[in-house]
Amino acid sequence: MNYKSSLIRQFSERGYIHQATDIEALDTLAAEHSIPTYIGFDCTADSLHVGSLVQIMMLRILQQCGHKPIVVMGGGTTKVGDPSGKDTARPLLSDQDIEINKDGIKSVFEKYLIFGDGPSDALMVDNADWLDSLHYIRFLRDYGPHFSINRMMGMESVKLRLEREQPLSFLEFNYAILQAYDFLELRRRYGCQLQMGGSDQWGNIVTGIDLTRRVDGQEVYGLTSPLITTSSGAKMGKSANGAIWLNDGKLSSFDFWQFWRNTEDSDVERFLGLFTELPMDEVRRLGALEGADINAAKIILADEATRLCHGAMAAENAKATAQTTFGDKGMGAGLPQVTISNENAAGLSVISALNMVGFANSNGEARRLIRGGGARVNDQPITDEDAAMSLADFNDGRAKISAGKKRHALLVLAS
């Protein structure tokens, strides 16, 4: 389809669109006006991970096309818990924990968006500003008649939980109502005309559109992105070592770079389209590479994704570290580091070393790693489960600890 607006054209070409309400009308609107658009992010952790990066990139493209991104921090909805994609209720967090998480998440958006008072400058708001002050009885009287229990029972997030005979609390059942009210409130406060989100949010988004139309007679729109999984079926945002966080303090830029470098061959073109700003002609050219040549495309993917999240210097340092570590069998300075005293280093068991750098979560897991032939110290295989290190293993005060071919870290003697 030939779209009129740069926004919808880019979304379509780069693979961001899964579902949309009246895409032709939305395209026409985007071609003629600046559209205030929101995506909500609940404060369930003190950082977002790669699983949220599609939505962040969509907001970035939206802003580059002259539209206004509205980032909604879920300070209110986090107190309820979104049941979407979950088999059990999310743990309830204290107000203090939510504030800590919110502060951590805010820093992510400053890397991707420009905030300010201009017409296309991003705006960040917290839905606790209006949800915390709702009067329950008045809210039910004003908005309750617009929600059909029959329809809500058919929403994917509710239906899946019930089909599996897993409990769904009344608290969680209210989540869709509160998210719908968010859209209404954002339309009133900021003229918001579009809500975007992952495909699991479709039911909540449509409910908000319906509520806004019924209560205020306003036409608003919804657009969702596809659920991103790897070709092997793994959920995006997770790795064998845990979540791929977007905050520096949660995950090093080297580990972030390495995550993208390890992309499966069949995912390279798709991920270049979604997670970089390379022109699509170049994306297609790189995606068509085969054999050993595809590794060059993976390095470009890692460089570009890391540059956006951590900056150009961090991306270059990560690539140099990878070359030193994997190509030259050395100790790249950008590897994750754990400091240890001379006293503790002398006689440190390899099992303890693996635990210290996060390659094992228990002594038993470390032993299994050694038995499987995956443990190395300074690139030398460790076969003895009782092996210990000495100060001689610390070359220039550093010892390289490895688990398999792709996980490396440095133990560094305290100066």
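Excluded from the calculations below are hydrogen atoms, water molecules and symmetry mates; all remaining heavy atoms, backbone and side chain alike, are included.
Side-chain contact check for T37 and K68: no donor-acceptor pair (N or O, by modelled atom type) lies under 3.5 Å. Neither side chain, T207 nor Q179, offers a donor N or O lying under 3.5 Å from an acceptor on the other. When only modelled atom types and interatomic distance are considered, W257 and D303 share a side-chain donor-acceptor pair under 3.5 Å.
The aromatic rings of F139 and Y143 lie tilted to each other, with the angle between the two planes from 30° to 60°.
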**Report entry** S6 and Q10: CA distance, side-chain angles, deciding distance, side-chain hydrogen bond (donor to acceptor under 3.5 Å, both in side chains) verdict
**Finding:** CA-CA 6 Å; S6 174; Q10 286 197 56; 3.2 Å; yes
Requested in this report: For side-chain hydrogen bond (donor to acceptor under 3.5 Å, both in side chains), just list the numbers for Q201 and T224, CA-CA rounded to whole Å, side-chain angles, deciding distance to a tenth of an Å, and then say yes or no.
Outcome: CA-CA 7 Å; Q201 294 299 310; T224 63; over 6 Å; no
Query raised in the report: Passes side-chain hydrogen bond (donor to acceptor under 3.5 Å, both in side chains), S402 versus H408? Steps please.
Result: CA-CA 4 Å; S402 305; H408 306 275; 2.7 Å; yes
Query raised in the report: Step by step, would you call R151 with D210 a salt bridge (charged side-chain N to carboxylate O under 4.0 Å, His left out)?
Result: CA-CA 12 Å; R151 183 173 177 180; D210 186 55; 3.5 Å; yes
Report task. Report the C-alpha separation of L286 and I300 in whole Å, then their side-chain angles, then the decisive distance to 0.1 Å, and conclude whether the side-chain contact (heavy atoms from CB on, under 4.5 Å) test is met. Result -> CA-CA 9 Å; L286 292 169; I300 292 172; 3.8 Å; yes
Report task. Give the C-alpha distance, both sets of side-chain angles, the deciding distance and a yes or no for side-chain hydrogen bond (donor to acceptor under 3.5 Å, both in side chains) between D248 and H310. Result -> CA-CA 7 Å; D248 301 14; H310 295 280; 2.9 Å; yes
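Formation of a donor-acceptor pair under 3.5 Å by the D267 side chain with backbone atoms of S231 is found in this model. A donor-acceptor pair is defined here as one N or O able to donate and one able to accept, closer than 3.5 Å; no such pair exists between the side chain of S52 and the backbone of L48. A donor-acceptor pair under 3.5 Å links the side-chain atoms of D27 to the main chain of S5, judged by distance alone. A side-chain donor-acceptor contact under 3.5 Å links E365 to the backbone of N361. In this structure a side-chain-to-backbone donor-acceptor pair under 3.5 Å is missing from D22 to Y221. The backbone N or O of D129 lies less than 3.5 Å from no partner atom in the side chain of D126, so there is not a single donor-acceptor pair. The closest donor-acceptor contact from the side chain of S120 to the backbone of Q63 lies at 3.5 Å or more, if one exists at all.
The ring of F41 has its center closer than 6.0 angstrom to the ring center of F109. Between Y38 and F183, the distance separating the two ring centers is shorter than 6.0 angstrom. Here the two rings, on F256 and W245, have centers that are 6.0 Å apart or farther.
The line from OH of Y112 to CG of L53 is 4.5 Å long, rounded to the nearest 0.5 Å. Rounding to the nearest 0.5 Å gives a distance of 9.0 Å between CG of L26 and CZ of F11. Atom CD1 of I98 and atom CD1 of I105 lie 10.5 Å apart (nearest 0.5 Å). Rounding to the nearest 0.5 angstrom, the gap separating the NZ atom in K79 from the CG atom in L131 is 8.5 Å. Atom CG of L7 and atom CE of M58 lie 8.0 Å apart (nearest 0.5 Å). Summarising the geometry, atom CZ belonging to R376 is positioned 10.0 Å from atom CG belonging to L369; distances are rounded to the nearest 0.5 Å.
Test L59, L194, I35 against H67 for side chain to side chain contact (heavy atoms under 4.5 Å, CB included) and you get one pass: I35.
The minimum heavy-atom distance linking S253 with A318 is given by the pair O-CB, 4.0 Å. Of all the heavy atoms in I294 and G291, the pair that sits closest is CG2-O, 3.1 Å.
Taking the side chain as every heavy atom from C-beta outward, V72 and I39 never approach each other to under 4.5 Å.
The residues D216 and R188 are annotated as salt-bridged, a charged nitrogen and a carboxylate oxygen being separated by less than 4.0 angstrom. Remark: K106 does not engage E110 in a salt bridge, criterion side-chain N to carboxylate O under 4.0 Å. Salt bridge absent: R284 and E269 never bring a charged side-chain N and a carboxylate O closer than 4.0 Å. Salt bridge status for R307 with E316: absent, with no side-chain N to carboxylate O gap under 4.0 Å.
Under the salt bridge (Lys or Arg N to Asp or Glu O under 4.0 Å) criterion, K250 pairs with D46, not counting sequence neighbours. Take R14 and apply the salt bridge (Lys or Arg N to Asp or Glu O under 4.0 Å) test, not counting sequence neighbours, and it matches no residue.
Atom CD of E32 has more than 12 heavy atoms from other residues, nucleotides or ligands within 6.0 Å.
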